[in-house]
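I am attaching a structure below and will ask some questions about it afterwards.
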Amino acid sequence: MIKIENITKSFGNLQVLKGIDMEIAKGEIVSIVGPSGAGKTTLLQIIGTLDRPDSGSVIIDNTEVGKLSSNRLSDFRNKHVGFVFQFHQLLPEFTAIENIMIPAYIAGKKTSEAKARAKELLEFMGLSDRAHHKPNQLSGGEKQRVAVARALVNEPSVILADEPSGSLDTKNKAELHQLFFDLRDKYGMTFIIVTHDESLAALTDRTICLKDGRIVDTLHDETADTTTTNPETNISIPQEP
């Protein structure tokens with residue numbers, strides 16, 4: 001579903017990515033780990049079409065995104081890629097359901113269609129009673145669930161998450177991590193997750209380890225498939241220096 005070939009990226013004289021190749025199957029949950037400066041977030045932004053590589057290609061659903069014009073690329077991103085960030089980035093002046101509906105509006109969907117989808121997702125998240133609350137009336141865990149629902153509203157091909165549980169306490173982390181697998185089971189979602197959280201990486205089907213802009217290891221959960229998870233897998237993650 002996603003194919004990445006020979007991705008390189010430099011900022012000035014600093015080469016951040018040095019030839020990244022990987023493939024990700026539909027319904028797979030993959031974590032990307034490594035020390036700060038390894039290139040994790042840069043790689044995620046390139047996969048999500050937020051940045052362009054210096055060389056190489058990114059193919060999502062048989063579309064080579066680097067060949068799209070800026071307008072077509074923005075439309076592709078809105079419809080095919082969902083984003084979840086460490087800090088939810090909800091708009092404070094809008095309610096939970098309104099925040100979720102925004103990407104659907106951008107995609108040109110009717111209000112009735114956008115609202116129905118947002119309500120479905122809020123119910124799945126266990127947040128139906130919080131639909132009309134603004135972000136300052138929600139807990140940290142609730143805000144992040146709303147952010148996940150927003151990422152899902154256009155039924156994208158892949159969800160990209162950058163340290164999604166980094167700002168949450170232990171209980172909310174565990175709930176968010178389980179939510180990703182529940183969403184995979186219900187909607188067949190594909191997830192690529194940048195994380196320093198060992199407990200989250202240990203759950204994923206595959207862990208890709210980056211160091212100095214290169215993939216240095218790929219760890220598989222041999223007991224996992226695309227419908228179940230194994231929280232007992234033990235993966236050692238490179239730590240911050």
Side-chain angles (χ1 to χ4, degrees), residues 2-25 28-58 81-89 140 144 147-148 151 158-181 190-222 224 229-241:
I2 299 174
K3 188 174 183 179
I4 297 159
E5 295 185 321
N6 194 33
I7 291 295
T8 66
K9 181 68 176 180
S10 296
F11 296 99
N13 295 324
L14 177 63
Q15 188 174 21
V16 178
L17 298 176
K18 303 173 182 176
I20 301 295
D21 297 287
M22 64 183 185
E23 294 189 33
I24 296 169
E28 191 174 15
I29 299 182
V30 174
S31 55
I32 300 176
V33 304
S36 294
K40 305 183 298 299
T41 295
T42 299
L43 177 59
L44 200 71
Q45 289 174 339
I46 289 172
I47 296 170
T49 76
L50 295 173
D51 198 359
R52 292 183 183 268
D54 296 333
S55 65
S57 63
V58 176
V81 184
F83 296 92
V84 180
F85 304 98
Q86 179 174 353
F87 300 102
H88 49 79
Q89 297 188 352
Q144 199 63 309
V148 173
V158 59
I159 298 293
L160 305 180
D162 193 357
E163 298 289 359
S165 57
S167 63
L168 301 178
D169 60 27
T170 301
K171 178 177 181 295
N172 282 308
K173 276 185 182 183
E175 290 178 353
L176 182 68
H177 296 171
Q178 185 57 52
L179 175 63
F180 292 149
F181 294 92
T190 304
F191 286 84
I192 304 175
I193 306 168
V194 165
T195 185
H196 283 107
D197 191 303
E198 291 192 28
S199 62
L200 175 54
L203 291 169
T204 59
D205 304 319
R206 188 155 46 110
T207 298
I208 295 169
C209 304
L210 286 188
K211 184 177 181 181
D212 297 328
R214 301 183 189 277
I215 295 175
V216 295
D217 201 3
T218 300
L219 307 173
H220 297 263
D221 178 357
E222 300 296 342
T229 61
N230 178 12
E232 300 304 322
T233 305
N234 183 29
I235 293 174
S236 177
I237 299 175
Q239 296 298 301
E240 298 272 5

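Numbering of residues begins at 1 and proceeds along the displayed sequence.
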Exercise. How far apart are the closest heavy atoms of Ile159 and Ala151, and which atoms are they?
Worked result: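 Heavy-atom minimum between the residues: CD1-O, 3.6 Å.
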Exercise. Nearest 0.5 Å, what's the CG-NZ distance between Asp21 and Lys3?
Worked result: 9.0 Å
Exercise. Within a strict 4.5 Å, meaning less than it, do heavy atoms of the Ile4 and Ile46 side chains meet?
Worked result: no
For this session: Please name the pair of heavy atoms, one in Thr195 and one in Ser31, separated by the smallest distance, quoted to 0.1 Å.
Result: CG2-CB, 4.2 Å
Problem set entry | Option among Phe180, Phe181, Phe83 that satisfies the ring pair (Phe, Tyr, Trp, His ring centres under 6.0 Å) test with Phe191 | Phe180
Exercise. Is a donor on one side and an acceptor on the other found under 3.5 Å between the side chain of Lys9 and the backbone of Arg52?
Worked result: yes
Exercise. Does Glu175 have any side-chain hydrogen bond (donor to acceptor under 3.5 Å, both in side chains) partners at least two apart in sequence or in another chain, and if so, which?
Worked result: Lys171
Exercise. If every non-hydrogen atom of Val194 is compared with every non-hydrogen atom of Pro164, which pair is closest and at what distance?
Worked result: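 Result for this residue pair: O-CD, 3.7 Å.
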Problem set entry | Set of side-chain hydrogen bond (donor to acceptor under 3.5 Å, both in side chains) partners for Thr41, sequence neighbours left out | Asp162
Exercise. Any side-chain heavy-atom pair from Ile32 and Ile193 closer than 4.5 angstrom?
Worked result: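 Side chain of Ile32 against side chain of Ile193, heavy atoms only: no contact under 4.5 Å found.
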For this session: Evaluate side chain to side chain contact (heavy atoms under 4.5 Å, CB included) for Val58 paired with Thr49, printing each intermediate quantity in order.
Result: CA-CA 9 Å; Val58 176; Thr49 76; 5.9 Å; no
Seminar exercise, completed: Separation between CD1 (Ile29) and NE2 (His177), nearest 0.5 Å, reads 11.5 Å
Exercise. Short question: side chain of Asp54, backbone of Ser10 - any donor-acceptor pair under 3.5 Å?
Worked result: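 Yes.
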Problem set entry | By side-chain hydrogen bond (donor to acceptor under 3.5 Å, both in side chains) - contacts of Thr190 (at least two apart) | none
Exercise. How about Lys40 and His196: do any of their side-chain heavy atoms sit closer than 4.5 Å?
Worked result: yes
Problem set entry | Stepwise side chain to side chain contact (heavy atoms under 4.5 Å, CB included) test for Leu200 and Lys173 | CA-CA 9 Å; Leu200 175 54; Lys173 276 185 182 183; over 6 Å; no
For this session: Flag the pair Val30 / Thr204 as yes when at least one side-chain heavy-atom distance between them is below 4.5 Å, and no otherwise.
Result: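 SC-SC contact between Val30 and Thr204 ruled out.
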Exercise. If you draw a 6.0 Å radius around NZ in Lys18, do more than 12 non-hydrogen atoms from other residues or ligands fall strictly inside?
Worked result: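 Buried by this count: over 12 neighbours within 6.0 Å.
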Exercise. Any idea which heavy atoms bring Val33 and Ala201 closest together, and the distance?
Worked result: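 Val33 and Ala201 have their closest heavy atoms at CG1-CB, 4.1 Å.
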Problem set entry | Gly19 versus Thr8, closest heavy-atom pair with distance | N-CG2, 3.6 Å
Exercise. Side-chain contact, heavy-atom cut-off 4.5 Å: Val81 with Ile47?
Worked result: no
Seminar exercise, completed: Scanning both residues in full, the closest heavy-atom pair of Ile20 with Arg214 reads CD1-CA, 4.0 Å
For this session: Starting from the C-alpha separation in whole Å, work towards a yes-or-no answer on side chain to side chain contact (heavy atoms under 4.5 Å, CB included) for Asn172 and Gln144.
Result: CA-CA 9 Å; Asn172 282 308; Gln144 199 63 309; over 6 Å; no
